[in-house]
K.L.:
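Below you'll find the structure I mean.
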Amino acid sequence: MKIFADTAITEELRDVAHIIDGCTTNPSLIAKSGRKFEDVVKEICGIVNGPISAEVISLEASGMINEARKLSKIHKNIVVKIPMTDEGLKAIKKLKQEKIKTNCTLVFSANQALLAAKAGATYVSPFIGRLDDLGEEGINLVEEIVTIYDNYGFETEIIVASIRNANHVKMAAMIGADIATVPYAVIKEMMKHHLTDKGIAKFLEDWNKVPKAVEKKQSI
Ligand code: G3P
């Protein structure tokens with residue numbers, strides 16, 4: 001499974017660039033960066049060597065298409081994030097014809113994901129954490145989408161989004177999602193295990209008990 005970083009904070013991206021395969025942003029994450037949209041997206045393109053999702057804000061297909069054309073010119077790795085609406089599906093279909101990659105976002109049901117794939121979305125983003133917030137099991141939605149896409153051989157890749165913890169990432173991988181887009185803090189959490197820390201401390205403690213060879217002084 002590929003791992004994308006779900007952040008627009010470039011310091012965070014630099015720190016995890018060696019283990020990520022791409023990056024996703026959205027208007028809220030751009031706002032959190034406190035920087036201008038184009039500036040931050042351009043900088044991300046210099047850090048991340050993989051697909052970078054940048055979202056449109058238009059609500060009508062024509063506006064989405066215009067924004068997408070401009071965004072796709074920034075860098076070859078740009079993927080245009082389009083919200084899952086009727087207008088969004090029209091835009092995705094047209095952008096597919098123009099060979100502009102899309103990520104259909106704000107997906108909360110299997111039927112929405114089915115329509116996104118039929119429209120030709122390159123990626124689909126089910127938001128599992130926001131479903132969990134409503135008392136649902138968000139990860140079940142990913143399982144449903146995997147089954148539907150496998151049944152019909154859709155090429156749309158599933159980006160599990162709205163991830164809140166390391167267990168979400170593990171579940172996404174076990175189900176066979178293509179990608180998980182993961183907040184910086186959760187990527188860090190994935191690296192950690194208290195037994196790893198304890199093990200390192202014990203190895204170092206024992207290493208200090210090992211007799212060391214005396215370094216010979218070189219004669220002049
Ligand atoms: O990339 C969009 C998605 O991951 C948003 O997550 O935490 O705002 O539900 P969240």
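These figures come from a predicted structure and were not determined experimentally. Atoms within each ligand, like the ligands themselves, are counted from 1 in listed order.
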K.L.:
Hey, does Ile52 have a side-chain heavy atom less than 4.5 Å from the side chain of Cys45?
P.N.:
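With C-beta onward as the side chain, the pair touches.
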K.L.:
Check ligand 1 against Arg164 and write out every atom of the ligand that is under 4.0 Å from a heavy-atom position of the residue.
P.N.:
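Matching atoms, with element in brackets: 7 (O), 9 (O), 10 (P).
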K.L.:
Which ligand 1 atoms does Asn26 reach within 4.0 Å, using its non-hydrogen atoms?
P.N.:
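Here the atoms of ligand 1 in question are 1 (O), 2 (C), 5 (C).
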K.L.:
Could you check whether any side-chain heavy atom of Leu71 comes within less than 4.5 Å of a side-chain heavy atom of Phe37, counting everything from C-beta outward?
P.N.:
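Side-chain contact under 4.5 Å: yes.
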K.L.:
Are the side chains of Asn26 and Lys81 in touch, meaning some heavy atoms are under 4.5 Å apart?
P.N.:
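Side chain of Asn26 against side chain of Lys81, heavy atoms only: contact under 4.5 Å found.
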K.L.:
Of the protein's non-hydrogen atoms, which lies at the shortest distance from atom 6 (O) of ligand 1, and what is that distance?
P.N.:
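Atom 6 (O) of ligand 1 sits closest to the protein heavy atom Ser162 CA, 3.3 Å.
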K.L.:
For atom 8 (O) of ligand 1, what is the closest protein heavy atom, and at what distance to 0.1 Å?
P.N.:
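For this ligand atom, the closest protein heavy atom is Arg130 NH2, 2.8 Å.
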K.L.:
Please identify which atoms of ligand 1 are closer than 4.0 Å to at least one heavy atom of Ala161.
P.N.:
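Listed by number with element: 4 (O).
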K.L.:
Tell me which protein heavy atom sits closest to atom 1 (O) of ligand 1, plus the residue, atom name and distance to 0.1 Å.
P.N.:
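That would be Asp6 OD1, 2.8 Å.
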K.L.:
Would Lys81 count as a polar contact of ligand 1, with the cut-off being nitrogen or oxygen pairs under 3.5 Å?
P.N.:
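N/O-N/O distance under 3.5 Å: yes.
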K.L.:
More than 12 foreign heavy atoms under 6.0 Å from CD of Glu189: is that the case here?
P.N.:
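Enclosed.
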K.L.:
Identify the heavy atoms of Leu131 and Gly138 that sit nearest to each other, and give their distance.
P.N.:
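Where Leu131 meets Gly138 most closely, the heavy atoms are CB-CA, 3.8 Å.
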K.L.:
Does Ile82 offer a backbone N or O that forms a donor-acceptor pair with the side chain of Glu55 under 3.5 Å?
P.N.:
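Looks like no, no N/O pair under 3.5 Å.
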